[in-house]
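Scroll down for the structure; my scribbles are underneath it.
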Amino acid sequence: MALSNYVEAVIEEKDWYITNLSNVAACLWQQIPDVSWVGFYLMTDKGNDKELILGPFQGKVACTHIALGRGVCGVSASENKTLIVPDVSQFSGYIACDSEARSEIVIPLRNKDGVVIGVLDIDSNTEGRFSEANEESADLEKCAELISNIIPKTIN
Ligand code: SME
């Protein structure tokens, strides 16, 4: 079964998005092999003061605030595009929450107007764990879309 089918199956009532995000993080954590961290950073919007803050996740304790344009998550969010980093030591400005992490994929979560409302972040201790244009990445993009639909608005 595809990851997106599992995600679809765990999402319940749309209003309880923290509940849903928690179960989606756990679901992806259980289903994806060889990952060290799975979770969400959500966009806060205080006037012109946007940043990403830590949402539900599975894995080690992580940094709580990420400025737009900083780290893989902040660049993915500000450029509104999926980033696959095969070797995190080569990513300028990489934010190391876990010294054992080697590779990462970050997929933007977008509202219905295409505006970034957060990111799905997945890390692995294996270098080159994530690849562009494979079945898993396409499936993860679909998961991000399903997840985006349950986040009501930017959080403050
Ligand atoms: N490495 C990320 C920070 C978040 S942790 O991976 C959980 C980054 O560079 O944005």
Side-chain angles (χ1 to χ4, degrees), residues 3-4 6-7 10-11 17-46 48-111 114-134 136-148 150-151 153-156:
L3 292 169
S4 44
Y6 284 101
V7 166
V10 297
I11 292 173
Y17 75 101
I18 296 290
T19 308
N20 283 320
L21 291 181
S22 303
N23 261 344
V24 170
C27 172
L28 294 177
W29 170 260
Q30 281 176 241
Q31 297 300 333
I32 308 174
D34 192 19
V35 295
S36 57
W37 198 93
V38 177
F40 302 99
Y41 281 91
L42 302 172
M43 190 79 89
T44 56
D45 189 358
K46 293 177 179 155
N48 290 327
D49 200 14
K50 286 188 180 181
E51 65 171 355
L52 294 168
I53 65 161
L54 183 63
F57 70 95
Q58 295 277 310
K60 290 186 187 170
V61 169
C63 56
T64 51
H65 295 255
I66 298 179
L68 295 188
R70 298 284 310 278
V72 188
C73 292
V75 173
S76 169
S78 60
E79 295 185 0
N80 195 350
K81 70 174 189 200
T82 295
L83 292 181
I84 291 175
V85 181
D87 177 358
V88 294
S89 71
Q90 300 301 308
F91 189 93
S92 165
Y94 172 73
I95 301 166
C97 296
D98 174 2
S99 61
E100 288 181 67
R102 293 289 172 270
S103 59
E104 179 159 353
I105 181 170
V106 179
I107 304 173
L109 306 175
R110 304 175 177 98
N111 70 12
V115 175
V116 177
I117 52 176
V119 297
L120 167 62
D121 179 11
I122 306 177
D123 297 344
S124 173
N125 292 345
T126 302
E127 200 174 307
R129 168 64 185 78
F130 307 100
S131 314
E132 279 171 51
N134 71 3
E136 183 183 62
S137 310
D139 201 12
L140 287 171
E141 294 280 350
K142 198 167 172 199
C143 292
E145 210 177 304
L146 291 168
I147 295 156
S148 299
I150 61 170
I151 302 174
K153 57 180 168 56
T154 54
I155 54 171
N156 291 289

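Whatever order the structure lists them in is the order used to number ligands and atoms, beginning at 1. Please read these numbers as outputs of a predicted model, since none were measured by experiment. We count residues from 1, following the sequence as given.
The C97 neighbourhood of ligand 1 comprises atoms 3 (C), 4 (C), 5 (S), 7 (C), with distances under 4.0 Å to a heavy atom of that residue. Of all the atoms in ligand 1, the ones that sit under 4.0 Å from a non-hydrogen atom of E104 are 1 (N), 2 (C), 6 (O), 8 (C). Ligand-side atoms of ligand 1 in range of W37: 7 (C), range being under 4.0 angstrom from any heavy atom. Here is the list of ligand 1 atoms found below 4.0 Å of a heavy atom in D123: 5 (S), 6 (O), 7 (C).
Between L42 and I117 there is no side-chain heavy-atom pair separated by less than 4.5 Å. Looking at heavy atoms from C-beta onward, V35 lies in side-chain contact with F130 at the 4.5 angstrom threshold. Residues V38 and F57 fail the side-chain proximity criterion, which asks for heavy atoms closer than 4.5 Å. Side-chain contact between D98 and W37 is absent, with no heavy atoms from C-beta onward closer than 4.5 Å. For the pair T44/K50, no side-chain contact is recorded, criterion being any heavy-atom separation below 4.5 Å from C-beta on. You'll find the side chain of P86 stays beyond 4.5 Å of the side chain of E132, heavy atoms only.
For ligand 1, the polar-atom distance check finds an N/O of V72 within less than 3.5 Å of one of the ligand's N/O atoms.
Residue contacts with ligand 1 for Y41 involve side-chain atoms from C-beta outward but no N, CA, C or O (heavy atoms, distance under 4.0 Å). Contacts between C73 and ligand 1 below 4.0 angstrom, taking non-hydrogen atoms only, involve backbone and side chain alike.
Of the candidates D121, D98, I95, L52, it is D121 that places a heavy atom closest to atom 4 (C) of ligand 1.
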